[in-house]
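This report refers to the structure that appears directly beneath it.
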Protein chains: 2
Amino acid sequence: MTTKAPAATRNKILMAAFAEFYKHGFQGGSLNHIVEMAGTTKGALFHHFAGKQELGYAVVDDVIGPLLKQRWLDAVATSSDPLADLKRAFRQFVKTDIESGFYVQGCPLNNLAQEMSPLDEGFRTRIDKLYAIWRKCYADALANGIKRGKVRKNISPEHVAALVVASQMGIWGTGKSSRNRELMTQAGEAVCAYLDSLKP
Amino acid sequence: MTTKAPAATRNKILMAAFAEFYKHGFQGGSLNHIVEMAGTTKGALFHHFAGKQELGYAVVDDVIGPLLKQRWLDAVATSSDPLADLKRAFRQFVKTDIESGFYVQGCPLNNLAQEMSPLDEGFRTRIDKLYAIWRKCYADALANGIKRGKVRKNISPEHVAALVVASQMGIWGTGKSSRNRELMTQAGEAVCAYLDSLKP
DNA sequence: TGACAAACATACCAACTGGTCTGTATGTTA
DNA sequence: TAACATACAGACCAGTTGGTATGTTTGTCA
């Protein structure tokens with residue numbers, strides 16, 4: 001009857017690994033926990049992934065990458081007014097992450113970036129690729145905004161995109177270590193004020 | 001003859017622990033490596049520190065705290081023109097960290113913050129205290145700048161300080177995961193441009 | 001000099017780690 | 001039906017971890 005979806009076990013392991021690494025970091029994450037959480041065994045894990053490292057790579061590529069696109073990129077990819085849309089996305093996700101409580105665990109991509117970038121070149125290149133896409137998306141939107149007269153002409157879209165993405169890393173990091181919702185909101189509002197200063 | 005300085009062994013262990021945790025993170029750091037690096041033994045370590053956790057706390061309090069003060073706070077603590085001094089400090093440390101290559105390992109405080117804040121409340125409070133001091137120092141300098149007519153009156157020193165510190169976290173994180181000196185410099189310049197926009 | 005405690009060194013331990021090995025159930029194809 | 005590959009399960013392994021228990025040296029003070 002219901003034919004088992006292909007790679008269903010692989011997906012369960014992937015999601016469990018994402019959760020485990022998100023909570024405990026990659027080095028602190030345990031394969032034993034992961035297989036237990038996924039309701040499977042070591043045999044299955046090592047059948048689908050060459051090792052812990054490859055599992056970590058797959059989490060970045062197959063879980064975090066799509067998550068990033070859906071959450072941050074789609075909102076501004078086709079924007080005709082990037083400053084307004086950026087501000088809207090910022091305020092929305094600061095709010096939802098504070099309300100859901102996820103803000104205390106930070107950004108999954110940034111967590112892995114800070115932990116693994118200096119230790120493992122495979123992680124670093126994969127993570128850097130995602131951040132590069134992120135910045136490119138913002139820079140393109142800003143350049144488009146300049147063309148449409150919605151953004152000041154004398155700014156560098158690349159520089160601004162680099163700062164905005166870096167600020168996001170820092171703001172979510174601030175929320176994580178301070179657990180201060182107001183502080184995180186304040187920093188977010190300061191970014192919005194900065195974006196306003198880029199209007200023509 | 002040369003009387004051994006008090007707590008010399010403790011200091012050697014502290015410095016070795018700082019280096020080990022800076023490289024491998026707290027969870028990934030090994031006490032065996034630390035005592036080997038310090039040229040001592042487990043007995044000495046557990047004589048001076050109750051355990052790995054206490055050793056980590058001591059690294060935050062006795063190593064990273066003073067380092068932060070000397071590097072970032074002293075420069076603006078007595079500043080009469082905070083925007084200029086902030087820009088100068090920013091450009092200087094971006095430059096020296098790029099030249100020394102330390103930028104690929106990120107900020108020691110931010111590294112620990114991202115890794116340990118969600119996992120250990122003792123770490124979190126100690127780290128948060130340092131960041132709070134950091135923000136307070138910038139906010140005071142900005143407020144002082146307003147009084148002296150060097151900073152716009154209609155900005156919130158606290159909001160700006162929160163964003164500047166968060167941006168620093170993000171910029172050093174960007175340098176770490178991208179290993180792109182130009183990108184890090186660009187983001188730094190964008191912060192400087194932002195600071196310029198706060199002039200009266 | 002003797003007594004006592006602080007400052008280490010050494011040997012050792014249980015727990016857990018990532019990873020491997022072998023076995024088995026389940027399709028799939030010839 | 002026979003042959004074979006895929007997808008797991010579960011026992012097992014060597015190595016490393018943080019931590020402890022015990023022994024030894026060193027400094028201090030009476």
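Below, chains carry the letters A, B, ... as their sequence lines are ordered, and counting in each starts from 1.
We find that CD of B:Glu20 is positioned 13 Å from C1' of D:dT16, with the value rounded to whole Å. In this structure, the CD atom of A:Gln27 is 12 Å from the P atom of D:dT17, given to the nearest Å. The distance between atom CZ of A:Phe46 and atom C1' of C:dT17, rounded to the nearest whole Å, is 10 Å. Distance B:His48 NE2 to C:dA7 C1': 6 Å, rounded to the nearest Å. Atoms CG (A:Asn32) and C1' (D:dG10) sit 13 Å apart, rounded to a whole Å. Rounded to whole Å, the distance from CG on A:Leu45 to P on D:dG10 is 15 Å. Counting to the nearest Å, the P atom of D:dT17 and the CD atom of B:Glu36 are 10 Å from each other. If you take CD1 of A:Ile34 and P of D:dC8, they are 17 Å apart, rounded to a whole angstrom.
Here the closest heavy-atom approach between residue B:Tyr138 and residue B:Ala161 is recorded as CB-CB, 3.8 Å.
Using a 4.0 Å cut-off between charged nitrogen and carboxylate oxygen, A:Arg124 and A:Asp120 do not count as a salt-bridge pair. One finds a salt bridge joining B:Arg10 and B:Asp62 here, because a Lys/Arg side-chain nitrogen approaches an Asp/Glu carboxylate oxygen to under 4.0 Å. Classification of B:Lys150 and B:Asp85 as a salt-bridged pair fails, no side-chain N sitting under 4.0 Å from a carboxylate O.
Candidate nucleotides C:dG18, C:dA9, D:dA7 were compared by shortest atom distance to the side chain of B:Thr40, and C:dA9 ranks first. The side chain of A:Leu31 lies closest to C:dG18 when the candidates are D:dG10, C:dG18, D:dG18. The B:His47 side chain lies nearest to C:dA7 when the options are D:dA7, C:dA7, D:dG18. Considering only the side chain of B:His33, D:dT17 comes nearest among D:dT17, C:dC8, D:dT20. Among the nucleotides C:dA7, D:dG10, D:dG19, the one closest to any side-chain atom of A:Thr41 is D:dG10. Picking from D:dT17, C:dA6, D:dT20 the nucleotide with the shortest atom distance to the side chain of B:Lys42 gives D:dT20. When distances run from any side-chain atom of B:Ala44 to the nucleotides D:dA9, D:dT17, C:dA9, the shortest one goes to C:dA9.
Under the 3.5 Å distance criterion, with hydrogens and angles disregarded, a donor-acceptor pair is assigned to the side chains of A:Lys42 and A:Asn32.
Each of A:Phe26 and A:Gly43 has a nearest nucleotide on DNA chain C; the 5'-most of these lies closest to A:Phe26.
Partner of A:Asp97 under the salt bridge (charged side-chain N to carboxylate O under 4.0 Å, His left out) criterion, out of A:Arg181, A:Arg71, A:Arg91: A:Arg71 alone.
End-to-end axis angle for the helix from C:dT1-D:dA30 to C:dA30-D:dT1, using five pairs per end and rounding to 10°, comes out at 10°.
Using a 4.0 Å heavy-atom criterion, one finds that A:Gly28 contacts no nucleic acid atom at all.
Linking ILVMFWY residues whenever their side-chain heavy atoms come closer than 4.5 Å, directly or via other members, places B:Phe46 and B:Phe21 in the same cluster.
No side-chain heavy atom of A:Ile171 sits under 4.5 Å from any side-chain heavy atom of B:Met169.
Contact check, B:Thr9 against C:dC8: a side-chain N or O comes under 4.0 Å of OP1 or OP2.
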